[in-house]
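Quick note: numbers below take in every heavy atom, side chains included, and nothing from hydrogens, waters or symmetry partners. Below, chain A is the first sequence line, B the second, and so on; all start at residue 1.
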Amino acid sequence: MPELPEVETIRTYLNTILPSHPVVSVKHLDARMVKMGTVSSESIAHRLPGLVVQSMGRRGKYLVMRFFDKSALIIHLGMSGRLVVEPEANPWRSHTHLVLGLREDKELRLVDPRRFGRIGYFVEFDKDRTLRLGPEPLSRSFTAQYLIDRLRRRKSPIKSLLLDQSLVAGLGNIYVDEALFGAGIHPLSPGSTVSFRSASRLVRSIRRVLRVSIANRGTSFSDYVDALGHQGQNQEYLAVYGRWGQPCLKCGSPIHSLVIHARTTHFCQHCQPMLEDLEG
DNA sequence: CGCCAGTCCTGACAGC
DNA sequence: TGCTGTCAGGACTGGC
């Protein structure tokens, strides 16, 4: 399941090969995947050929393929999406929903069996306005003070709140669990009970968890592979996610699991106490 | 506005 | 062996 580190790994590679290359052709585009923006799939297929890639960017979990005419193709990989560059001689996998013809007999292919992914084309793309997302967790604008201000009146569990992309962009189920473990915060703690001190720990923990995973080229738990089709290595370094019943790496007590916000949540009851309500 | 339940989707797997 | 049911979850929608 691609979250920020996985999308960043894909972005980094694509950004080494795509800039200054034109889209030669749109060989395939499944209209059902176009779920963003106002440009239809037919119009996208008509507009893309000839456009030259300026850069491959990322905003939260969205990949941003920017063209020199200021337009951009946005791709979200959802749960099972893969974006790979392959020789056109290789057969298409099943569930291939987008194929862009590139130079040198290469193709950029989006494969997404569950079709939770999404595509959109924006004629004028503004990274701060087009997608309604919170700050990048690795940017300077993501601070403890920002978190406190946004969490102050929220009663939902901190786990749910951190999954909200308008609060902070790029975290998914795995890295929220890992970050809360690193910060020593129980996932059911209401947002309003997060003190400045715990918010500082949380910001540091989120950054650490993401940086480590990016260095490991992402977590391959089920579907994820990078743009070269290679698995990431970060699954070897997860402290709680997927470790139900196994000993906590800090205290040895078994990792617990429960469902929050319809997401399986892993945590250590001993190392992650509920935060106290500051209003009391 | 906040919060929650429902929706989409298919591969993998358990159980019969 | 082959069917059926269940589970996984990111982001959006609608109801209250």
Base, sugar-phosphate, or nothing: which does Tyr175(A) touch, judged by heavy atoms less than 4.0 Å apart? nothing

>> Side chains of Tyr175(A) and Thr219(A) only: does a donor on one sit below 3.5 Å from an acceptor on the other?
In response: yes

Applied to residues 196-211 of chain A, the salt bridge (Lys or Arg N to Asp or Glu O under 4.0 Å) test, sequence neighbours excluded, yields none

Salt bridge (Lys or Arg N to Asp or Glu O under 4.0 Å) pairs touching residues 36-59 of chain A, sequence neighbours excluded, are Glu8(A)-Arg58(A), Arg58(A)-Glu136(A), Arg59(A)-Glu136(A)

From CG of Leu258(A) across to C1' of dC7(C) the rounded distance in Å is 17 Å

note: Asp177(A), atom CG; dG10(C), atom C1'; distance rounded to Å ~ 15 Å

**OP:** Would you indicate, yes or no, if dC9(B) has its OP1 or OP2 atom less than 4.0 angstrom from a side-chain nitrogen or oxygen of His95(A)?
**Re:** no

Cluster membership besides Phe68(A), Ile/Leu/Val/Met/Phe/Trp/Tyr side chains within less than 4.5 angstrom, sorted by chain and number, is Val52(A)

Those residues at least two apart in sequence (or on a different chain) that pass side-chain contact (heavy atoms from CB on, under 4.5 Å) with Val53(A) are Leu18(A), Met65(A), Phe67(A)

Whole-Å distance, Glu3(A) CD to dG10(C) C1', equals 10 Å

In whole angstroms, the gap separating P of dC7(C) from CE of Met79(A) amounts to 15 Å

In whole angstroms, the gap separating P of dG10(C) from CG of Leu167(A) amounts to 15 Å

So the salt bridge (Lys or Arg N to Asp or Glu O under 4.0 Å) pairs with at least one residue in residues 141-150 of chain A (sequence neighbours excluded) are Asp149(A)-Arg152(A)

The side-chain hydrogen bond (donor to acceptor under 3.5 Å, both in side chains) partners of Ser141(A) (sequence neighbours excluded) come to Ser139(A)

Per the under-4.0 Å heavy-atom filter, residues of residues 109-116 of chain A near DNA chain B come out as Pro113(A), Arg114(A), Arg115(A), Phe116(A)

The helix from dG2(B)-dC16(C) to dC16(B)-dG2(C): angle between terminal helix axes, five bp per end, to the nearest 10 degrees, reads 40°

Expected string for nucleotides 11-16 of chain C under the B/S/- scheme (protein heavy atoms, under 4.0 Å, primed atoms plus P, OP1, OP2 as sugar-phosphate) is BS----

Name each donor-acceptor pair under 3.5 Å that joins a side chain in residues 83-94 of chain A to protein atoms two or more places apart or in another chain, with its distance.
{"from": "Glu86(A)", "atom 1": "OE1", "to": "Arg109(A)", "atom 2": "NH1", "distance (Å)": "2.6"}
{"from": "Glu88(A)", "atom 1": "OE1", "to": "Lys27(A)", "atom 2": "NZ", "distance (Å)": "2.8"}
{"from": "Trp92(A)", "atom 1": "NE1", "to": "Glu107(A)", "atom 2": "OE1", "distance (Å)": "3.0"}

For Tyr62(A), the ring-ring contact (aromatic ring centres under 6.0 Å, His included) test, sequence neighbours excluded, returns His76(A)

Check: Can a donor-acceptor pair be found between the side chains of Asp226(A) and Thr9(A) at a distance below 3.5 Å?
Finding: no

Asp164(A) atom CG is separated from dC4(B) atom C1', nearest whole Å, by 13 Å

Q.
Within the 4.0 Å heavy-atom criterion, would you say Thr264(A) contacts the bases, only the backbone, or no part of the nucleic acid?
A. sugar-phosphate

If only atom types and distance count, is the side chain of Gln165(A) paired as donor or acceptor with the main-chain N or O of Gly60(A) below 3.5 Å?
no

Phosphate contact (dC4(B) OP1 or OP2) by Ser156(A) side-chain N/O below 4.0 Å = yes

Taken to the nearest whole Å, NE2/His261(A) to P/dG2(B) is 14 Å

With 3.5 Å as the limit, what N/O pairs link the protein to nucleotides 12-14 of chain B?
none

Between CG of Leu77(A) and C1' of dG10(C) the distance, given in whole Å, is 11 Å

